[in-house]
Amino acid sequence: MKDIKILPKEFFLKRNVIEIAKDLLGKIVVTQLDGGYTSARIVETEAYDGATDKACHAFPNKLTRRTEVMFKEGGRSYVYLCYGIHHLFNIVTHEEGSAKAVLIRAVEPVKGIELMKARRKVENLRQLTNGPGKVAQALGISTLYNDETLYEENGLIYIGSEIDNVNFEINISTRIGVDYAEEDAMLPWRFYIKDNPYISKK
DNA sequence: CAGAGGATCCTCT
DNA sequence: GAGGATCCTCTGA
């Protein structure tokens, strides 16, 4: 088992959300929820920017009850219900007052795989976490865990890096499922680990 | 307070 | 590849 070092709060601040979305690739999400420990390697992310990006719920810097958490200081969760069924897990970035976040679209299961299978009611490893709704379900993340800080030891959810992180190539594409965002649907703000079997789509 | 629509997933064809 | 599930959020009156 590799050691995991928790990312400090600073990781989520004072940098462009694009850079953070890229840097989150290869990092480890740990959850300690519902009496179980699960961890998974992030293999696919998307950046959202409430100031300029029509695909973002907080565009154009629109403050509502739902988007409120995105305006808070980075390093916390933004979880919302999509299509009435799926809980989607995002990581808020930047300083207080700017509404930006990174959607975790796919992960590679590391620990607690049996628990993930039970939560997903799926046996096939590749089907376990290769999509944003699946990620949240497998890790036990729901809107109950909106606005949780992500950088605390023994937190419910935290993000860590492996000591001996392997190298990988990053692929870039347009984001999935945001056709309604007109020209912003063309932004190359989706990032994923090349050839990783757990990404949601080619 | 009604109506519309969605950062998805699963099933069936 | 198409369509349905399902419910919360936001809008406008």
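Computed from heavy atoms alone, side chains included, the values below leave out hydrogens, waters and symmetry copies. Quick note on labels: first sequence line is chain A, next is B, and so on, each numbered from 1.
Remark: dT13(B) base-pairs with no nucleotide in the shown strands. Criterion, Watson-Crick or G-U wobble with two distances under 3.5 Å. dT6(C) is unpaired under the Watson-Crick or G-U wobble criterion, no partner having all donor-acceptor distances under 3.5 Å.
No side-chain N or O of Tyr180(A) forms a donor-acceptor pair with one of Glu182(A) less than 3.5 Å apart. With hydrogens and angles left out, the side-chain atoms of Asn154(A) and Gln32(A) include no donor and acceptor closer than 3.5 Å.
Ring-plane geometry between His57(A) and Tyr80(A) is classed as perpendicular, the angle between the planes exceeding 60 degrees on a 0 to 90 degree scale with a lower cut at 30.
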Exercise for review: Would you sort out whether Arg190(A) and Ile176(A) count as a side-chain contact (heavy atoms from CB on, under 4.5 Å), showing the intermediate values?
Suggested key: CA-CA 8 Å; Arg190(A) 172 174 176 249; Ile176(A) 308 291; 3.8 Å; yes
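Taking atom CG of Asn146(A) as the reference point, atom C1' of dT9(C) lies 13 Å away to the nearest angstrom. Look at CD on Glu182(A): it is 16 Å from C1' on dA7(B), rounded to the nearest Å. Atoms CZ (Phe191(A)) and C1' (dA7(B)) sit 15 Å apart, rounded to a whole Å. Atom OH in Tyr78(A) sits roughly 14 Å away from atom P in dG6(B) (whole-Å rounding). Between the CG atom of Leu81(A) and the C1' atom of dG6(B) there is a distance of 10 Å, given to the nearest Å. Rounded to an integer number of Å, the gap from CZ of Phe59(A) to P of dT11(C) is 13 Å. Taking atom CG on Asp49(A) and atom P on dA7(B), their separation rounds to 16 Å, with Å as the unit.
Across all strands shown, Arg175(A) has no heavy atoms under 4.0 Å from either base or sugar-phosphate atoms.
The OH atom of Tyr192(A) sits 13.5 Å away from the NZ atom of Lys22(A) when rounded to the nearest 0.5 Å.
Placement of Ile199(A) and Ile91(A) within a single hydrophobic cluster is found when ILVMFWY residues are connected by side-chain heavy-atom separations under 4.5 Å, directly or transitively.
Taking only side-chain nitrogens and oxygens, Lys62(A) comes nearer than 4.0 Å to OP1 or OP2 of dT11(C).
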Study note, to complete from the structure: In B/S/- notation (B base, S sugar-phosphate only, - none; protein heavy atoms under 4.0 Å), nucleotides 8-13 of chain B written 5' to 3' is BSS---
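Where stacking is scored as ring centres under 5.5 Å apart with planes under 30°, Tyr180(A) does not register as stacked on the base of dG6(B).
Side-chain contact between Phe168(A) and Asp195(A) is absent, with no heavy atoms from C-beta onward closer than 4.5 Å.
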